[in-house]
Amino acid sequence: MTGQAAVLDRRTFLQGVGTALVVGVSSTGKPVRASTASARDLNAFLRVSEDGKVTVLIGQAEIGQGTSTGLSMLVADELGADWSTVSYEFATGRPEYFHPVVYQNEQITGGSVSIVGFAEPMRKAAAAAREMLISAAAVQLNAPLERLRAEDGRVSDRETGRSIPFGQLVAQAVRLPAPSDPPLRRREDLKLVGRPVRRLDARSKVEGTAVFGFDVEVPDMAYAAVRQAPAFGADVETLNDAVALEMPGVIGVHRIPNGIAVVAEQYWQAVTALESVEVTWSAGTAEHASSQKVTESLIAALDAPDAFEVVAQGNARAVLAEGSDAEVVTSTYDVPFLAHATMEPMNATARVADDVVELWVPTQAPTLDQIAVGEALDVDPARVKVHLTYAGGGFGRRGFSEYAVQAALLSKSVRRPVKVLWSREEDMRQDYYRPAFAAKMRGAITRDGQISALSATVAGPGIWEFNRPLMVEVFDGIDHLAVEGTNDLRYSVENLHVSHVRTEPNLRIGYWRSIGYSHNTHFVESFIDELASSVDADPYEVRRRLLTHDPRSLAVLETAARKAGWFGERPSDRHLGLAFFATERWQCRVAQVADVSVIDDRLKINRIVCVADIGQAINPLSVEAQLQGAVLYGLSAALYGQIDVENGEVVQSSFSDYRVLTLEDAPPVEVTLIEGGDAPGSVGEIGTPCAGPALINAVFAATGQRIRSLPLSKHGLV
Amino acid sequence: MKLRVNGRSVETSYDPSTPLLWVLRDDLKLKGAKYGCGIGVCGACTVHADGQAIRSCITYLEDVTDTEITTIEGLSEDADHTVLRAWIDHDVPQCGYCQTGFIMETAALLNETPRPTEEEIAWRLTNVCRCGTYDRIRAAIKQAAG
């Protein structure tokens, strides 16, 4: 035997690992070098290298929803690329990345419109590049354009069989003028689109090489741990950092907006030193807020005389007042604040030096980061360069820029790049929460199961008002994010009345996966079942009767019910609960059935059946994953999700006290996709709204207990 | 201090009371293990010490100097471990942040219990996935178990 194993010096060890400066994040997991001389940008969305590698340049964030693969498929098919040569990189800083449909002049990923917005512009870009490559080939092959086609990474002459790979054409192609309106291939001529295709980033995520914000490395980088005022609206009053400043590795203790930061050579040094800093906080703006008071005030608000009328269709009030041959039911519901709780806590890395402001952020909104950092540093936002990294979950959380501002301010102060990493506790307590809401639902249903009137009064904060008040002005005072799911029902109810009582937010509030639908579809779908039950009608039939004008909705509803075993004999120990929603906003129709049993007084969810008509699937493998994920996200919230407030401060701190669904309690989610349209609808959020009400309706079927206040865990069954 | 990581010895100047997670990530630049909670609940930081799954966010450097640490980077020669391949076959990851932790835990489980029951899998895999990839995780484990 030879002697001891050699102790490698650090440099040799690290060389094996690879620590190149990451200037861009690629689907391959390999670091993107600053320039690859042989690669040419054909336009804002496409780069082809002389060795034939095709890189799709994507401005939409990859937060798990898989659109980076979907958009790459669209580009690859339109271009005629060989899929094995295709990868993508994230890109920012060009107007082409502004969302063409939903967000004017902003590069933002949110609201499930990445494919909806970018399918066409990116296909057009790919088509333009294709035509340029074909034109270059026409010269090299001395062949007329009509005989040439682009396929499998080559331009081929149909007649002679000669072909040239893209890599050998690109240098000439980039010199040609880009066609302004190139023809798109027919849908049936696309090879990958519509088929189940595995994600381009699966390998790097499985191997651990995909670069998240937490993983960013910048030379000479320092680390920062932060503590922000626990109470909403509070700030630092007094600060004693004497001990911290003497601790190992500490570079400085700094004020940040509504908080403090310790900057150190190593992250753990920053964390340890932060613990020794003594801070007192000023009073917050909602210092007496508590969960109990919030719920009480929401419920009291339901009777407010000055509710804002959102929908007044027919004469709901009259029908509900009379009663006569209809059963009238009134019920009050409430749902709590919810955290996003992304797996990757908030973070950002910034390098501020002389003329440079550079950010690396797992962000859903590069433009908003530019604006916020520009304002904080008093520089033109256009000078702020944002590098988009992978995000370990978004769910609507990562459109706010506080972490980017923190990193930028600290980098400026210490004159080094600074990486700000929030602890899980900070992340849990400094969220932009899904607000707590309450609703008073009233409805009339005839003895034979026809809902003749529906009234919803919703009490809760204006989500748009808190974040983008312009969006409320534009819609004549309606805060759509607060009321969606009540004012856009697919059900044809002759008499419908919806009103919104706007209340104080009490905490920072934001966009939680499916936003207004997350609370309103819960209210509506739970209540429809209450109405059905009041006259012993079948919840499926009651809904079916209200959807006869929309065959695609009927198909989804019927398919879900059938697959769940709704019709015919049911095993006595299995109980089913149904929920349905559809919205123009997302061009979708979704029905879910929760199948539950009660064993030893404990609820067991056997499975969830989820059927969705999403128009067209770009990648059915991806759509299925998103539906499964969104269902479980909603289910987790309905089962356990609860953010409590005491003295204006959030109580929960981590996964230990903000319980979330794990594998043990997660039921199988059986997805059926229906492609009932000719264009792709939105996918990322549509699985969430029905999860809670389907569960609650199943619990009623199983136990006779009608749960009107979430989460389920308050009621002893889980 | 000296550490054994993925079959090699390496020096670190980090304080012995530093959690292993930060030594791996920031000193050794092995970014595969992730920070999710710092209190050993979510499992995103899972690595192996002498083949046993441990949560590196609550394991201190000084406690593992005599063990063989394996991270996702060192799980197999060409990242072709059965579990990784099953994960790719089933297109498991969404955001991907929790996945290496799941894979490390699964690899350790299958090493100890080659054909785990559904109950054993559920009991053992307490890792958190917020994207909800549990359906495909189950399918991948089934395939990897063979």
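Just so we're on the same page: letters track the sequence lines, and every chain starts at 1.
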A:Glu624 vs B:Arg136, side-chain contact (heavy atoms from CB on, under 4.5 Å): CA-CA, chis, key distance, verdict: CA-CA 11 Å; A:Glu624 180 197 62; B:Arg136 293 190 184 176; 2.6 Å; yes
A:Leu663/B:Ile137 under side-chain contact (heavy atoms from CB on, under 4.5 Å): CA gap, chis, key distance, verdict: CA-CA 9 Å; A:Leu663 191 140; B:Ile137 289 176; 3.8 Å; yes
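A:Pro345 approaches B:Tyr97 most closely through the heavy-atom pair CD-OH, 4.2 Å. Between A:Trp422 and B:Tyr35, the closest heavy-atom pair is O-CE2, 3.9 Å.
Residue contact with chain B, scored on non-hydrogen atoms closer than 4.5 Å, involves the backbone and the side chain of A:Ala625 alike. Residue A:Ala202 touches chain B through both its backbone and its side chain, counting heavy-atom pairs closer than 4.5 Å. Residue B:Thr18 touches chain A through both its backbone and its side chain, counting heavy-atom pairs closer than 4.5 Å. Using a 4.5 Å cut-off between heavy atoms, A:Ser636 contacts chain B through its side chain alone, with no backbone atom that close. Only the side chain of A:Leu421 comes within contact range of chain B, with at least one heavy atom under 4.5 Å from a heavy atom of that chain. Neither the backbone nor the side chain of A:Pro196 comes within contact range of chain B, judged by heavy atoms closer than 4.5 Å.
Within the 3.5 Å criterion, the main-chain N or O of A:His340 finds a donor-acceptor partner in the side chain of B:Arg130. In this structure a side-chain-to-backbone donor-acceptor pair under 3.5 Å is missing from B:Asp91 to A:Arg198. In this structure a side-chain-to-backbone donor-acceptor pair under 3.5 Å is missing from B:Gln94 to A:Gly66. Side-chain N or O atoms of B:Tyr134 include one that pairs as donor or acceptor with a backbone N or O of A:Leu661 at under 3.5 Å.
When side chains are defined from C-beta on, B:Ile39 counts as touching A:Glu425, because their heavy atoms get closer than 4.5 Å. Looking only at side-chain heavy atoms (C-beta outward), A:Tyr223 and B:Asp26 come within less than 4.5 Å of each other. Between A:Phe214 and B:Arg25 the shortest side-chain heavy-atom distance falls below 4.5 Å.
Between A:Glu344 and B:Lys34 there is no salt bridge, since no side-chain N of the basic residue sits under 4.0 Å from a carboxylate O of the acidic one. The existence of a salt bridge linking A:Glu664 and B:Arg124 is excluded, since no basic side-chain nitrogen approaches an acidic carboxylate oxygen closer than 4.0 Å.
Atom OG1 of B:Thr100 and atom NZ of A:Lys205 lie 12.0 Å apart (nearest 0.5 Å).
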